[in-house]
2 protein chains.
Amino acid sequence: MSTAPTSPPSADRPRRRARRGEGERTREEILAAAEALLARSGSEDAVSIRAVADAVGVTPPSIYRHFPDKAHLIFEVCARRFEEMDRHVVSPILAADLDPVDAIVELGRAYVRFGLAHPEHYRLMFMVNADHSPELYAEGDVVDGGSLGRIVVLLQHAIDAGRIRPEAGDAVVLTYVLWAALHGIVSLAIGRPNLPGPSVDEQVDAMIDAVLHGIVVPPPAGSP
Amino acid sequence: MSTAPTSPPSADRPRRRARRGEGERTREEILAAAEALLARSGSEDAVSIRAVADAVGVTPPSIYRHFPDKAHLIFEVCARRFEEMDRHVVSPILAADLDPVDAIVELGRAYVRFGLAHPEHYRLMFMVNADHSPELYAEGDVVDGGSLGRIVVLLQHAIDAGRIRPEAGDAVVLTYVLWAALHGIVSLAIGRPNLPGPSVDEQVDAMIDAVLHGIVVPPPAGSP
DNA sequence: GGCGTTCACGTAACAGCGCTAACTCAACGC
DNA sequence: GCGTTGAGTTAGCGCTGTTACGTGAACGCC
């Protein structure tokens with residue numbers, strides 16, 4: 001209401017200045033404030049540099065002592081969520097030593113659940129214009145260094161076990177196909193939530209069935 | 001370099017004021033200028049209200065005489081491109097009276113080509129936060145009123161012709177599955193162009209093969 | 001104990017953004 | 001001639017990300 005347009009940071013406590021080595025703690029506070037703003041509002045628009053600074057209790061330019069620009073801050077917030085998914089969702093499934101095909105199905109369902117549970121994180125990770133900060137989204141980052149490589153291994157195991165048609169493609173291609181198929185469902189659900197189509201669960205079930213078994217009537221047995 | 005910060009519109013011709021009935025022509029010029037800025041820059045950032053107004057030769061507030069806000073302007077630019085795709089890409093394939101499964105494959109390839117040819121249009125259509133203008137992305141719009149409904153019919157024909165396994169799902173669900181699968185490839189290619197995965201063509205081929213024939217080894221003939 | 005350095009900020013400000021209120025000016029119907 | 005209306009202007013608000021520059025405290029070092 002009557003907040004002055006230019007006022008000292010309005011965090012609750014007066015926030016005494018951090019000492020020499022304590023810069024890392026402020027950095028974590030900035031990340032936490034940005035995460036809170038993003039999660040509660042569900043929109044990147046709410047995560048302005050000024051809003052983050054105000055929540056932490058510092059002035060906007062102080063953010064730039066810890067992050068080169070806003071894109072790096074936002075990216076780190078999202079990357080941490082995806083690392084969390086890797087630890088708490090993907091790793092347990094891979095460690096459960098399931099049948100390879102069952103593990104693929106479980107991973108797919110868990111991935112969609114994660115995306116729908118954190119739509120704005122997901123959108124910022126995979127649905128923005130990557131030109132804004134190309135080096136963040138280059139190879140060797142969260143995606144490749146995280147779950148994806150281990151899923152390629154899982155696919156290779158399924159191929160080696162004779163569970164997958166060899167003509168379907170190698171493990172890398174199939175991993176990307178599976179990922180893209182599920183990403184399509186998540187991305188469409190996030191970007192166009194009001195579409196009159198089938199429910200996400202229905203789409204996931206049908207997609208998994210289609211990719212695993214195909215939709216067309218198989219040729220009569222014995223044909224090339 | 002030395003452009004004054006506030007100057008009269010810098011379009012080439014002095015642009016005489018439109019007469020009473022000529023408002024629609026200005027509206028078209030605004031749309032054309034926005035389309036040109038979007039296509040040439042490849043980024044929504046370049047399509048600011050001020051940039052569009054300057055290209056047309058009017059002042060920024062004049063835009064709002066023809067469009068309620070920026071989102072509506074951008075949306076109309078993108079919607080026109082998609083209508084163009086419907087007329088020049090989808091309709092010819094549907095009119096060619098191909099084998100239903102072949103038509104599905106052709107439509108899928110054409111859809112991916114279109115998305116990669118107009119990445120920013122595609123991103124603005126399907127990969128932005130729809131909260132910004134919900135009524136634009138509601139049901140009955142370009143997607144549903146355009147190609148999608150006719151593809152459901154195509155799928156139904158394929159089902160009626162016995163070309164598709166009945167357990168795979170009904171025509172609506174399968175249409176969404178096909179759309180989501182291809183959208184996943186396009187969306188990933190646009191949002192993360194530097195990923196070290198297989199090429200888009202390879203992904204499309206593998207995806208079509210997977211969805212049509214499945215990736216897992218089929219059960220021995222005669223099992224339930 | 002003084003001193004230069006460096007970290008961790010704050011102050012002030014810039015350029016640009018979407019958008020609005022209020023005005024002007026010409027064309028039209030009556 | 002006159003009120004109305006369509007088309008467009010000027011001026012400006014509040015916001016954004018970001019930068020240049022100053023400040024004050026803590027540190028190593030002589």
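Letters go in sequence order (proteins before strands), and every chain restarts at 1. Because only heavy atoms are used, hydrogens play no part in the values below, and waters and symmetry mates are left out as well, while side chains stay in.
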**Student:** In this structure, how many angstroms lie between the P atom of C:dC9 and the CZ atom of A:R25, rounded?
**Tutor:**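 Spelled out: CZ on A:R25 to P on C:dC9 is 10 Å.
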
**Student:** Would you kindly give the CD1-to-P distance between B:I74 and C:dC19, to the nearest whole Å?
**Tutor:**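 It is 10 Å, rounded to the nearest whole Å.
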
**Student:** Write down the protein N/O and nucleotide N/O pairs, taken from nucleotides 17-24 of chain D, whose separation is under 3.5 Å; answer none if there are no such pairs.
**Tutor:**
unit_1 : atom_1 : unit_2 : atom_2 : d
D:dG17 : OP1    : A:I49  : N      : 3.3
D:dG17 : OP1    : A:K70  : NZ     : 2.9
D:dG17 : OP2    : A:I49  : N      : 2.9
D:dG17 : N7     : A:R50  : NH1    : 2.7
D:dG17 : O6     : A:R50  : NH2    : 3.0
D:dT18 : OP2    : A:Y64  : OH     : 2.8
D:dT18 : OP2    : A:K70  : N      : 2.9
D:dT18 : O5'    : A:Y64  : OH     : 3.3

**Student:** Residues in ring-ring contact (aromatic ring centres under 6.0 Å, His included) with A:F114, at least two apart?
**Tutor:**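 Here the qualifying residues are A:F82, A:H118.
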
**Student:** Sorted by first residue and then second, give each salt bridge (Lys or Arg N to Asp or Glu O under 4.0 Å) pair with at least one member in residues 169-182 of chain A; sequence neighbours left out.
**Tutor:**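 The answer is none; no pair qualifies.
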
**Student:** Could you go through residues 65-73 of chain A and list every donor-acceptor pair under 3.5 Å that involves a side-chain atom there, pairing it with any protein atom two or more places apart or in another chain?
**Tutor:**
unit_1 : atom_1 : unit_2 : atom_2 : d
A:D69  : OD1    : A:A71  : N      : 3.3
A:D69  : OD1    : A:H72  : N      : 3.1
A:D69  : OD1    : A:H72  : ND1    : 2.7
A:K70  : NZ     : A:V47  : O      : 3.1
A:H72  : NE2    : A:E135 : OE2    : 2.8

**Student:** Does one side chain, of B:Y122 or B:H183, offer a donor that lies under 3.5 Å from an acceptor on the other?
**Tutor:**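 Looking only at side-chain atoms, B:H183 and B:Y122 do form a donor-acceptor pair, the distance falling under 3.5 Å.
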
**Student:** So, is B:T26 close to the D:dA7 phosphate, meaning a side-chain N or O under 4.0 Å from OP1 or OP2?
**Tutor:**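 No, B:T26 has no side-chain N/O under 4.0 Å of OP1/OP2 on D:dA7.
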
**Student:** Identify, with sequence neighbours excluded, every residue that meets salt bridge (Lys or Arg N to Asp or Glu O under 4.0 Å) alongside A:R109.
**Tutor:**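 For A:R109 the salt bridge (Lys or Arg N to Asp or Glu O under 4.0 Å) partners, ignoring immediate neighbours, are A:D205.
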
**Student:** Would you please confirm or rule out a distance under 4.0 Å between OP1 or OP2 of D:dG8 and any side-chain N or O of B:T59?
**Tutor:**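 False: B:T59 side-chain N/O out of range (4.0 Å or more) of D:dG8 OP1/OP2.
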
**Student:** Rounded to whole angstrom units, what separation is found between the CD atom of B:E24 and the P atom of D:dA7?
**Tutor:**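 Rounded to whole Å, this separation is 9 Å.
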
**Student:** Rounded to the nearest Å, what distance is computed from the CD1 atom of residue A:I63 to the P atom of nucleotide D:dT16?
**Tutor:**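 In whole Å, D:dT16 P and A:I63 CD1 are 13 Å from each other.
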
**Student:** A:T26: which residues meet the side chain to side chain donor-acceptor pair (under 3.5 Å) condition with it, sequence neighbours left out?
**Tutor:**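 Only A:R15 meet the side chain to side chain donor-acceptor pair (under 3.5 Å) criterion with A:T26.
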
**Student:** Counting only side-chain nitrogens and oxygens, does B:H66 get under 4.0 Å of the OP1 or OP2 atom of D:dA7?
**Tutor:**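 Answer is no, no contact under 4.0 Å.
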
**Student:** Rounded to the Å, how far apart are B:D45 CG and C:dG18 C1'?
**Tutor:**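 After rounding, the reported distance stands at 13 Å.
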
